[in-house]
2 protein chains.
Amino acid sequence: MDIRDIARLSGYSLGTVSRVLNGHPNVSERARERVLAVVEEVGYEPNSNARYLKMQSHLSVAIFVKGSRNMLFADILERVQALLREAGEQPDVVYLGEDDNEVVHAVRYERLRHPKGIVFLGGDPAYFKAGFQRIEVPAVLVTNTAAGLGFKNLSSVSTNDVAAARDVIEHLYARGHRRIGIIGGERSLSQVGGRRLHGAEEALRAHGIEFDYERDFEPCHFAMEDGYDAAVRLIMRSRDLTAIFALGDAIAIGAMRAVFDMGLRIPDDISIAGYDGLSAGQFCVPRLTTIRQDTRQLASRSVDALLAALGGEEQPVREMVPYQLLNRESVCTREREPVRVA
Amino acid sequence: MDIRDIARLSGYSLGTVSRVLNGHPNVSERARERVLAVVEEVGYEPNSNARYLKMQSHLSVAIFVKGSRNMLFADILERVQALLREAGEQPDVVYLGEDDNEVVHAVRYERLRHPKGIVFLGGDPAYFKAGFQRIEVPAVLVTNTAAGLGFKNLSSVSTNDVAAARDVIEHLYARGHRRIGIIGGERSLSQVGGRRLHGAEEALRAHGIEFDYERDFEPCHFAMEDGYDAAVRLIMRSRDLTAIFALGDAIAIGAMRAVFDMGLRIPDDISIAGYDGLSAGQFCVPRLTTIRQDTRQLASRSVDALLAALGGEEQPVREMVPYQLLNRESVCTREREPVRVA
DNA sequence: CTGAAAGCGCTTACAG
DNA sequence: CTGAAAGCGCTTACAG
């Protein structure tokens, strides 16, 4: 069943059928109705390979997701897909490992399939800097920033990680915490973890506290297992910590269990703050105090930016979306230590 | 840069270049080397649309995932994708809502893209029964069974939900629990929830307990939020319950928080058992007692089955993969109630 | 508004 | 082992 059959069945030529199918203006109402009726009746679907071959492009947009078990991305992905579908796109999603180079994958994909646009859920600006000039279609980086990279076809929508991390530290500091440890991510400034770390360090310094990376920081992947191990290492090493800032909620949840297993209470012995606002955080005991990234806006602004670019808009968007500190139960106010007389 | 350029540059004809690219036997070693060298040098990548158009099919396999926030599926998906890639496939993943009809989507997709095979992560046999005859390529249903449907091109790899649920009840019963409530899923036998429910009911009956659906069952979606609400409703209604079997770990985690919020202790006042073996379960306090579905085997057996079918194997596989009851901390032994003298 | 024709970039019998 | 040719199912100038 191909377009020629529809032409035959409808009594019109192949060209006219194609025009109807593609919503071109120059077709009579009669022709349109007739063709559509036949299409409907026989359940015809155009062959996309022929279509894209002829049009020299893939009609679809590709979504690269960095880490299939990242719940934050799962959440955003769900919305991005729904939005894209509403806009008539049928997105392709490709999963990558947490440590994969998304830009290398995208370059290969673009050559192979010629998508009309790309969205990156997560990504490292360092990779973009190195290889993004090879990709030519509009793209948008979500949850990380493309500012300063200088690519006209790369938008970004993210949370202000530096400011949000600073807020977490302020929150902790205001509640009397002075010995604060941090777990998660790496020190690389191009990654989200690195920027959160940076914001935290700044806030600490503003209060006259120099953050000691050797003693009070443990890098780790964004997973519960890793958070657990990192928390154990950190606490064993720095026994006087009164609070831990986990750079992701999954990490925080693992850390909470670690603290419990070490016979310590949360938040009384050690307070814990997370980052992301995963829904799981509100089911923890105690509920996790954290930064809520606005997945709804992250998704909708990203799709808006991509659609605009697809529509011919030349100016990329570099947007930060509002976040919110969720003050829940895993952080307590620290009583001032009694002054000890020597 | 297309195949004609490669022909020109290599001094061979277009047909020979194509044969080299596709690994056909009838090409001289000289030609192969020369062509490959040129391809390498100019970085040529064949146009997949032209290729698939000509070959009348898409070279890839499609993966339909029912519910993008389902961590069990996320886990299986990761493995399935890796395995497929190792086998040289570049899978397409399509996300569906938890309540979508995956077969309708697959039929449409097949018409449009002609994948060479399909894997369904989750799915309702009732939908397959109604519409799967329209799909002609090999497919495999993961985590649910295709037995009894009679489709030669549909394999399935799943956990024996009936038996596993029965084991959960036995576990609870052996620890003295007699008043057991169940939350999650629906009563429809074709869905996994329904089958777990069925297994539980059977086990209870074997001990002379008739399960009261009106009083002791609360259906719900497989998410923490829903588990929370369902647990509240159930406990309010059936105050004498000593244990709750949540038909999914996400549900269980929500239920644990609900029990806590109602001022009850786990497992002392109410024991909770889950199903799935999500890694999050081991970070709960207390750690969740649950059924571990073997995601590794679920993934590898599914890919094996699909690859075999793609290779010409005509006999579909209908396989159950071993599961394991993880006896952790959320279920306690119930002391026998003291006999009350009237 | 409509039709006839060219051509997108490949693969694969068919000859040789 | 290699080349010339047909054709996969579409879209889109070009005429009319």
Side-chain angles (χ1 to χ4, degrees), chain A residues 1-39 42-60 88 90 108-116, chain B residues 1-39 42-60 88 90 108-116 136-137:
Chain A
M1 182 64 54
D2 64 27
I3 197 172
R4 248 167 321 175
D5 295 310
I6 305 301
R8 194 164 31 72
L9 262 30
S10 66
Y12 283 90
S13 78
L14 192 156
T16 299
V17 172
S18 175
R19 268 164 290 214
V20 169
L21 259 22
N22 292 291
H24 285 198
N26 292 330
V27 262
S28 65
E29 195 48 42
R30 259 187 93 244
R32 180 179 311 283
E33 277 171 15
R34 177 77 190 118
V35 168
L36 256 20
V38 172
V39 165
V42 304
Y44 164 75
E45 300 263 4
N47 177 311
S48 60
N49 288 133
R51 191 141 193 269
Y52 297 151
L53 170 59
K54 192 58 206 176
M55 304 192 325
Q56 300 284 57
S57 90
H58 197 78
L59 263 192
S60 197
Q90 224 237 322
R108 180 141 32 105
Y109 185 98
E110 196 195 12
R111 274 222 201 124
L112 222 58
R113 312 231 186 164
H114 305 289
K116 55 196 265 199
Chain B
M1 184 62 55
D2 64 27
I3 197 171
R4 247 166 322 173
D5 295 310
I6 305 300
R8 194 163 32 72
L9 260 32
S10 66
Y12 283 90
S13 77
L14 191 158
T16 299
V17 172
S18 176
R19 264 163 290 206
V20 169
L21 258 22
N22 292 290
H24 285 198
N26 292 330
V27 262
S28 66
E29 195 49 40
R30 260 186 93 246
R32 179 180 312 282
E33 276 170 16
R34 177 78 190 117
V35 168
L36 256 19
V38 173
V39 164
V42 303
Y44 164 75
E45 300 263 2
N47 177 310
S48 61
N49 287 133
R51 188 138 195 273
Y52 297 153
L53 171 59
K54 191 57 205 175
M55 304 193 324
Q56 300 284 57
S57 89
H58 197 79
L59 262 193
S60 194
Q90 222 238 323
R108 180 140 33 105
Y109 184 98
E110 196 195 11
R111 274 220 199 126
L112 223 58
R113 312 230 185 165
H114 306 289
K116 55 197 263 198
E136 291 172 357
V137 296

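Below, chains carry the letters A, B, ... as their sequence lines are ordered, and counting in each starts from 1.
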Under 4.0 Å: is that the gap between some side-chain N or O of B:Y44 and OP1 or OP2 of C:dG9?
no
Just to be sure I understand the rule, does B:S28 reach a base, reach only the sugar-phosphate, or reach nothing, if contact means heavy atoms closer than 4.0 Å?
sugar-phosphate
Pairwise distance OG(B:S18) to CD1(B:I6) - rounded to 0.5 angstrom
12.0 Å
Taking only N and O in the side chain of B:T16, is any of them less than 4.0 Å away from OP1 or OP2 of D:dG3?
yes
Would you kindly compare B:R32 and A:R19 by the position of their nearest DNA chain D nucleotide and give the one closer to the 5′ end?
B:R32
Looking at B:N26, I'd like to know whether one of its side-chain N or O atoms comes within less than 4.0 Å of OP1 or OP2 on D:dC1.
yes
Which atom names give the shortest non-hydrogen contact between A:R34 and A:L9, and what distance separates them?
NH2-O, 3.0 Å
When the nearest nucleotide of DNA chain D is assigned to B:A50 and to B:S13 on a heavy-atom basis, which residue is associated with the more 5' position?
B:S13
I want to check one thing: is the phosphate of D:dG9, taken as OP1 and OP2, less than 4.0 Å away from some side-chain N or O of A:R51?
no
Using a heavy-atom cut-off of under 4.0 Å over every strand shown, decide if B:L21 touches base, sugar-phosphate, or nothing.
nothing
What's the spacing between A:K54 NZ and B:L53 CG if we round to 0.5 Å?
11.5 Å
Heavy-atom donor-acceptor pair, A:K54 side-chain to D:dG9 base, under 3.5 Å
no
Between A:N22 and D:dT11, is there a contact of a side-chain N or O with OP1 or OP2 at under 4.0 Å?
yes
Describe the nucleic acid contact of A:D2 in one word from base, sugar-phosphate, nothing, applying a heavy-atom distance below 4.0 Å.
sugar-phosphate
Work out which heavy atom in B:T16 is nearest to a heavy atom in B:Y12; give both atom names and the distance.
CG2-CD2, 3.9 Å
First encountered from the 5' end of DNA chain C, between A:L14 and A:A31
A:A31
In Å, rounded to the nearest 0.5 Å, how long is the span from CG of B:N47 to CG of B:D2?
9.0 Å
Tell me which nucleotide among C:dT12, D:dC8, C:dT2 gets nearest to the side chain of A:Y12.
C:dT2
Assigned partner base of C:dT2, Watson-Crick or wobble definition, under 3.5 Å:
D:dA15
